[in-house]
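A quick write-up on the structure given underneath.
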Amino acid sequence: MYIPFENLPEESKIWIYQSSRKFSEEEIADIEKDLIEFQTNWSAHGTSLEASFLIKYNRFIVIAVNQEVQPATGCSIDKSVEFIQNLEQKYSVDLLDKMNVAFKQGEFVTYKTLIDFKKLAKEKAVSENTIVFNNLVNTIEEFNEGWEIPASESWHSRFF
């Protein structure tokens with residue numbers, strides 16, 4: 001069952017999918033509609049999941065589930081990955097490759113391969129103060145507190 005994101009508890013489990021490109025406003029509207037439809041019918045072992053989503057910077061899809069009501073299970077998680085794979089095909093984007101890095105350059109979000117990010121760090125084109133997106137956060141609370149952080153405070157710090 002879809003509910004507004006702000007109504008989920010901070011302990012809710014999240015998954016972050018980072019797009020290889022920015023989505024257009026029209027694409028965002030379609031993705032939001034598809035996400036609401038998917039989450040309205042999303043269940044685990046026949047029990048509806050209390051779920052929501054955010055789309056940030058027209059590039060990140062954050063899916064959340066209130067695990068206190070009904071935990072997501074292997075099959076329900078597989079269904080959400082299948083949904084994301086369908087978005088990848090529909091919009092010709094990469095959402096599942098964890099070997100890419102997104103970071104802020106001023107107002108803009110830049111997306112690079114991990115190899116290119118390492119090169120930028122070596123060339124000092126990005127620094128320990130560069131704001132990166134830690135897509136490894138697991139809950140809404142962690143998302144709110146530690147998703148956008150300086151590279152020095154994330155796993156990216158090994159490149160400096």
Side-chain angles (χ1 to χ4, degrees), residues 2 4-36 38-39 51-67 72 74 76-160:
Y2 168 78
F5 194 85
E6 60 273 7
N7 292 355
L8 288 173
E10 285 199 321
E11 302 78 34
S12 296
K13 170 77 177 138
I14 65 166
W15 295 268
I16 301 173
Y17 301 97
Q18 170 179 281
S19 176
S20 52
R21 68 167 173 82
K22 190 174 178 179
F23 291 110
S24 70
E25 293 301 324
E26 183 180 279
E27 289 172 328
I28 293 292
D30 287 343
I31 291 168
E32 287 175 341
K33 184 177 70 93
D34 290 346
L35 276 162
I36 290 170
F38 169 73
Q39 291 184 337
S52 196
F53 67 90
L54 281 179
I55 298 178
K56 299 287 282 183
Y57 301 109
N58 289 19
R59 183 179 288 269
F60 299 92
I61 299 171
V62 181
I63 293 178
V65 172
N66 182 349
Q67 300 270 77
S76 61
I77 293 168
D78 288 349
K79 288 285 185 198
S80 69
V81 172
E82 183 180 311
F83 173 82
I84 293 296
Q85 288 171 326
N86 289 336
L87 290 180
E88 284 184 316
Q89 289 181 331
K90 183 175 181 179
Y91 297 103
S92 299
V93 296
D94 183 3
L95 292 163
L96 293 166
D97 189 344
K98 304 291 186 199
M99 294 305 291
N100 296 309
V101 178
F103 56 96
K104 284 187 171 179
Q105 286 189 309
E107 299 279 319
F108 300 99
V109 174
T110 302
Y111 178 89
K112 297 286 183 190
T113 65
L114 190 57
I115 292 168
D116 286 343
F117 185 80
K118 285 181 189 180
K119 286 179 192 171
L120 291 172
K122 189 175 184 179
E123 297 165 356
K124 305 221 183 295
V126 294
S127 74
E128 294 175 327
N129 296 322
T130 298
I131 300 299
V132 295
F133 298 92
N134 180 11
N135 296 326
L136 301 176
V137 295
N138 289 304
T139 64
I140 291 175
E141 180 178 29
E142 289 176 13
F143 176 77
N144 291 336
E145 295 174 3
W147 180 55
E148 293 184 49
I149 55 175
S152 62
E153 296 177 22
S154 78
W155 64 267
H156 303 84
S157 65
R158 70 183 96 174
F159 305 126
F160 301 98

Of all pairs that satisfy side chain to side chain donor-acceptor pair (under 3.5 Å), the ones with a partner from residues 5-15, not counting sequence neighbours: K13-N138
E128 side chain vs P150 backbone, donor-acceptor pair below 3.5 Å: no
Residue pair N100 / S20, side-chain heavy-atom distance below 4.5 Å: no
Expected output: side-chain E27 to main-chain Y91 donor-acceptor under 3.5 Å: no
Any side-chain heavy-atom pair of F159 and L120 under 4.5 Å: no
Sequence-distant partners of T113, side-chain hydrogen bond (donor to acceptor under 3.5 Å, both in side chains), two or more places apart: D116
Y17 vs V81 side-chain heavy atoms within contact, under 4.5 Å: yes
Give the table of side-chain donor-acceptor pairs shorter than 3.5 Å for residues 54-62, with sequence neighbours excluded, one pair per line with atom names and distance.
from : atom 1 : to   : atom 2 : distance (Å)
Y57  : OH     : K104 : NZ     : 3.0
Y57  : OH     : E148 : OE1    : 3.0
Y57  : OH     : E148 : OE2    : 2.8
N58  : ND2    : F23  : O      : 3.4
N58  : ND2    : E25  : OE2    : 2.9
R59  : NH1    : S19  : O      : 3.0

Residues which pass side-chain hydrogen bond (donor to acceptor under 3.5 Å, both in side chains) with N86, listed by chain and number, not counting sequence neighbours: none
Residues which pass salt bridge (Lys or Arg N to Asp or Glu O under 4.0 Å) with K22, listed by chain and number, not counting sequence neighbours: none
Residue list, side-chain contact (heavy atoms from CB on, under 4.5 Å) with T139, at least two apart or on another chain: E141, E142
Any residue meeting side-chain contact (heavy atoms from CB on, under 4.5 Å) with E107, in chain and number order, not counting sequence neighbours: none
Non-neighbouring partners of I149 that pass side-chain contact (heavy atoms from CB on, under 4.5 Å), sequence neighbours left out: V132, N134, E153, S154
Parallel, tilted or perpendicular: ring planes of F133 versus W147, cut at 30 and 60 degrees: tilted
side-chain hydrogen bond (donor to acceptor under 3.5 Å, both in side chains) involving E82 - partner list, sequence neighbours excluded: none
For K90, all residues meeting salt bridge (Lys or Arg N to Asp or Glu O under 4.0 Å), sequence neighbours excluded: D34
Any residue meeting side-chain contact (heavy atoms from CB on, under 4.5 Å) with Q105, in chain and number order, not counting sequence neighbours: F103, T110
Set of residues satisfying side-chain hydrogen bond (donor to acceptor under 3.5 Å, both in side chains) with respect to D78, sequence neighbours excluded: none
